[in-house]
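Down below is the structure, laid out as structure tokens.
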Amino acid sequence: MKTVKDYIRTIADFPHEGILFRDVTTLFADARGFRMAVDQLLHPWAGERIDKVVGLEARGFILGGAIAHQLSKGFVPIRKKGKLPGATISQAYKLEYGEAIMEIHADALQPGERVLIVDDLLATGGTCEAGIRLIERLGGEIVGCTFIVDLPELGGRKVLESLGVQVNVLCEFEGL
């Protein structure tokens, strides 16, 4: 029986030499694999009250939309700076070399709404941490974060758990 990990291909030296890119598009392209992933991403949160699903750019939109649909809840995107129309709030975060900024609509959440954050891959945790900060600034409560892949050597899970956030991952890959 196939696992979610079996559907993910690895592409060497992308986007830079020495990187092993974990490509989830092969998982998304397979109906059984995609359904399995969505079901497993949701499973740990069964019985939890979730008001909104937040997806992190960009593959988190694909997963987050499917999960929001499954839960019959609204979906909220967190995007790179300059991609959302209307009033937004921003949060800077560190990259390996430099800094980036994520944004959310200023009216995307109401205080007290319970939020599940969704993305495909957890590496250093910087993008998700920025998302957590944005959600908290709007008064949202984080139910947890759910990912398909964790790269444990990069320490993202520890970063998020140090913030008091529950983290769920479906599989891990060693290496960068």
Side-chain angles (χ1 to χ4, degrees), residues 8-9 11 14-16 19-29 34 37-38 41-42 45 50-151 154-157 159-160 163 165-170 173 176:
I8 300 168
R9 72 176 158 192
I11 300 174
F14 182 83
H16 306 287
I19 301 291
L20 294 173
F21 186 81
R22 309 309 178 169
D23 182 17
V24 296
T25 63
T26 49
L27 170 68
F28 295 167
F34 188 54
V38 170
L41 289 168
L42 268 170
W45 318 107
I50 297 171
D51 300 309
K52 295 272 174 64
V53 176
V54 168
L56 303 176
E57 188 165 322
R59 289 171 297 274
F61 298 169
I62 297 164
L63 295 164
I67 289 170
H69 172 77
Q70 195 80 350
L71 294 172
S72 296
K73 300 297 178 181
F75 172 78
V76 175
I78 291 184
R79 300 210 61 191
K80 294 175 183 169
K81 183 176 176 62
K83 300 289 185 178
L84 291 172
T88 61
I89 62 169
S90 302
Q91 180 69 45
Y93 67 102
K94 293 190 185 312
L95 297 169
E96 188 176 347
Y97 300 104
E99 192 174 270
I101 298 173
M102 299 300 282
E103 293 182 328
I104 189 171
H105 280 122
D107 61 355
L109 300 170
Q110 297 301 310
E113 284 191 306
R114 294 175 49 82
V115 174
L116 178 64
I117 300 173
V118 181
D119 204 1
D120 68 319
L121 186 129
L122 176 57
T124 65
T127 303
C128 191
E129 181 179 1
I132 289 167
R133 303 283 186 217
L134 289 167
I135 292 163
E136 289 175 340
R137 286 171 52 200
L138 292 178
E141 298 174 18
I142 310 298
V143 173
C145 301
T146 192
F147 304 89
I148 294 174
V149 175
D150 183 18
L151 304 177
L154 297 179
R157 184 180 197 129
V159 168
L160 301 181
L163 298 173
V165 175
Q166 187 178 343
V167 176
N168 172 58
V169 297
L170 303 187
F173 282 94
L176 304 178

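Quick note: residue numbers are just sequence positions, from 1.
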Can you give each donor-acceptor pair under 3.5 Å made by side-chain atoms of residues 122-129, sequence neighbours left out, with the distance rounded to 0.1 Å?
residue, atom, partner, partner atom, Å
Thr124, OG1, Gly126, N, 3.4
Thr127, OG1, Tyr93, OH, 3.4
Glu129, OE2, Arg133, NH2, 3.0

Minimal non-hydrogen separation, Leu138 against His105, with atom names: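 Closest heavy-atom pair between Leu138 and His105: CD1-O, 3.6 Å.
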
Throw together a table of side-chain donor-acceptor distances under 3.5 angstrom for residues 139-150, partners on residues two or more places apart or in other chains.
residue, atom, partner, partner atom, Å
Thr146, OG1, Leu41, O, 3.2
Thr146, OG1, Asn168, ND2, 2.8

Identify each donor-acceptor pair in which a side-chain atom of residues 81-91 lies under 3.5 Å from a protein atom, sequence neighbours left out, and give them as a table.
residue, atom, partner, partner atom, Å
Ser90, OG, Glu103, OE2, 3.0
Gln91, OE1, Arg137, NH1, 3.3

Drop me the distance from [X]'s [atom1] to [Y]'s [atom2], to the nearest 0.5 angstrom.
X      : Y      : atom1 : atom2 : answer
Ile50  : Leu42  : CD1   : CG    : 7.0 Å
Ile135 : Leu109 : CD1   : CG    : 6.5 Å
Ile11  : Asp23  : CD1   : CG    : 4.5 Å

Set of ring pair (Phe, Tyr, Trp, His ring centres under 6.0 Å) partners for Phe14, sequence neighbours left out: Phe21

Arg22 side chain to Ile8 backbone, donor-acceptor under 3.5 Å: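 Checking the backbone N and O of Ile8 against the side chain of Arg22, no donor-acceptor pair under 3.5 Å is found.
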
Side-chain touch Leu116/Trp45, heavy atoms, less than 4.5 angstrom: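 Answer yes - side chains close enough.
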
Pairing residues for Lys52 by the side chain to side chain donor-acceptor pair (under 3.5 Å) criterion, not counting sequence neighbours: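 Side chain to side chain donor-acceptor pair (under 3.5 Å) list for Lys52, sorted by chain: Glu113.
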
Please report, to 0.1 Å, the donor-acceptor pairs under 3.5 Å made by any side chain of residues 54-75, with sequence neighbours excluded.
residue, atom, partner, partner atom, Å
Glu57, OE1, Arg79, NE, 2.8
Glu57, OE1, Lys80, N, 3.0
Arg59, NE, Asp120, OD2, 2.6

